[in-house]
Structure formats: structure tokens, C-alpha cells
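One structure below.
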Amino acid sequence: MSTAGRSGEVPPRSRRADALRNQQTLLAAAAAVFVTSGVDAPIREIAARAGVGIGTIYRHFPTRADLVVAVYRHQVEACAEAGPTLLANADSPFAALRDWVDLFVDFLVTKHGLANALQSDSGGFDALHAYFLDRLVPVCARLLDAAVDAGEIGPGTQAYELMRGIGNLCAGRDGDPRYDPRRLVELLLRGLRRPRPS
């Protein structure tokens, strides 16, 4: 019989795995709330969505800036990991690119409030921005290359310029219900698409 079985205690490795899983659930809930309500959303809204108490959030993330940075990193990783998965499972490379851009737009909505959440820590913001570029530009480039190789889009679009263009479209949102960046991002993607042969 194992030590855990005799004492009834959960082994430390299992506790760490549970804590990590709980933290990932909390970050996913916070990201979803930030997308719909912004980074200034009440902590109780995040706690309710995650199914935890407010104290649990503050135990993991003592300040709002800590939470926003953690969500930012969580979303960067989710976007980076999604690229290859989407490429492997989508009907076409262009469909994978479109699905990835949807995730990227969600991320940008959260990122928009990041500078305000970090306030005077411009060095921290710069480091996060460099991390974002290092992780996501190669993923976008791979999706673009696959779509070019499949003949779905023409060559010449750089990942950085596409991401920057999408970012500029999303920056105009600023809580204006009359402005839908997703519609314009969709128009941008359609502009990349090569016409299908008749």
C-alpha cells in the first residue's frame, strides 16, 4: 500500500497538479470575463465564473495587475499552442488561420487594458510585449505559410504586419457598441484570400 493510501493524504505532486489545474481554470474564467467586461471587471464576477471564492483569487493573485499579467501570459500560451492544433485539425490552412485570428482577437481585447493595469511599470509591459512577439509571430507565420503553400492566399503578407493590422483594428473598440472589430478583421482576412478558380 502506498504512503498516500495509508495516511489518506494526497501526495505533494498530486496537490501541485490540482493547484495548477485550478489556477488554469481561474485564468480561463478571468480571460473570458475580461473579453466581455474589460480588465476592470469586478473580481466577484471572475470568482463566480470560476466557481471559487474571491479569497481564492486574491490568494493566487494579490493585485489586479498580477491577475491581468497572468491572464495575458495564459492567453499568449493558449494562442501559441492553438496554432499547430488548428492547422492539424481544420478543413484547410486558411480555416486554421481564421480560427487562430479569432483567438488572437480575444487576446487583444484583454491586452488592451494591460498598460493601464500595470500603470507605471513600463519595463514590465515592454517585457511582456517582447514575450508576446516571440511566442506568437512564429505561429502566425506558420499559418500564413501553410495557407500560401495551399494556394489559398498570395505570398508576401508578413506575420508581424498582419498581427499589427489586426491589433490596430481591435484598438478602435474602446467600449463603443457601434464598432465591431471582428467584422473588419473578417474583411481583412477575405482580402488575403485568393479567388477560387471557377
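All values below come from the heavy atoms of this structure, side chains included, with hydrogens, waters and symmetry mates left out. By convention here, the first residue in the shown sequence is residue 1.
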Exercise. Is the backbone of C79 close enough, under 3.5 Å, to the side chain of W100 for a donor and an acceptor to pair up by distance?
Worked result: yes

Problem set entry | Side-chain donor or acceptor of Q75 paired with backbone N/O of Y72 under 3.5 Å | no

For this session: Run the numbers on L188 and L162 for side-chain contact (heavy atoms from CB on, under 4.5 Å), then give the verdict.
Result: CA-CA 9 Å; L188 174 63; L162 176 62; 3.9 Å; yes

Problem set entry | Sub-4.5 Å side-chain heavy-atom contact between I57 and I54 | no

Exercise. Any side-chain heavy atom of V139 within less than 4.5 Å of one from E81?
Worked result: no

Exercise. To the nearest 0.5 Å, how far apart are CG in L192 and CG in L97?
Worked result: 7.0 Å

For this session: Drop me the distance from Q23's CD to H74's NE2, to the nearest 0.5 angstrom.
Result: 10.0 Å

Exercise. Would I46 and L67 satisfy side-chain contact (heavy atoms from CB on, under 4.5 Å), going step by step from the backbone distance to the final call?
Worked result: CA-CA 11 Å; I46 297 166; L67 177 61; 3.8 Å; yes

For this session: Run the numbers on E152 and R194 for salt bridge (charged side-chain N to carboxylate O under 4.0 Å, His left out), then give the verdict.
Result: CA-CA 5 Å; E152 294 180 299; R194 273 191 164 157; over 6 Å; no

Exercise. If only atom types and distance count, is the side chain of S37 paired as donor or acceptor with the main-chain N or O of F34 below 3.5 Å?
Worked result: no

Exercise. Heavy-atom distance under 4.5 Å between the side chains of L133 and Y160, does that happen here?
Worked result: yes

Exercise. Between P181 and C170, which heavy-atom pair has the shortest distance, and what is it?
Worked result: CB-CA, 3.9 Å

For this session: Tell me, please, which residues at least two apart from R135 pass side-chain hydrogen bond (donor to acceptor under 3.5 Å, both in side chains).
Result: E77

Problem set entry | Spacing of I166 atom CD1 and L184 atom CG [to the nearest 0.5 Å] | 11.5 Å

Exercise. Going through the distances and angles, do L136 and F107 end up as a side-chain contact (heavy atoms from CB on, under 4.5 Å)?
Worked result: CA-CA 11 Å; L136 296 186; F107 162 73; 4.3 Å; yes

Seminar exercise, completed: Between the CG atom in L169 and the CZ atom in R182, the distance rounded to the nearest 0.5 Å is 12.5 Å

Problem set entry | Test item: V68 and F61 side chains (from C-beta on) under 4.5 Å apart, heavy atoms | no

For this session: Provide the closest heavy-atom pair for M163 versus F132 in the form atom of the first, atom of the second, distance.
Result: CE-CZ, 4.0 Å

For this session: Provide the closest heavy-atom pair for R49 versus A29 in the form atom of the first, atom of the second, distance.
Result: CD-O, 3.8 Å

Problem set entry | Euclidean distance, L87 CG relative to S92 OG, rounded to 0.5 Å | 9.5 Å

Problem set entry | Which atom of P93 lies closest to which atom of A150, heavy atoms considered | CG-CB, 3.9 Å

Exercise. Where is the tightest heavy-atom contact between V33 and A41, given as atom of each residue plus distance?
Worked result: CG1-CB, 3.5 Å

Exercise. In Å, rounded to the nearest 0.5 Å, how long is the span from CG of L189 to CG of D102?
Worked result: 8.5 Å

Seminar exercise, completed: Closest heavy-atom pair, L128 versus R73, reported as atoms and distance to 0.1 Å, is CD2-NE, 3.6 Å

Exercise. Is there a donor-acceptor pair closer than 3.5 Å between any side-chain N or O of D106 and the backbone N or O of L103?
Worked result: no

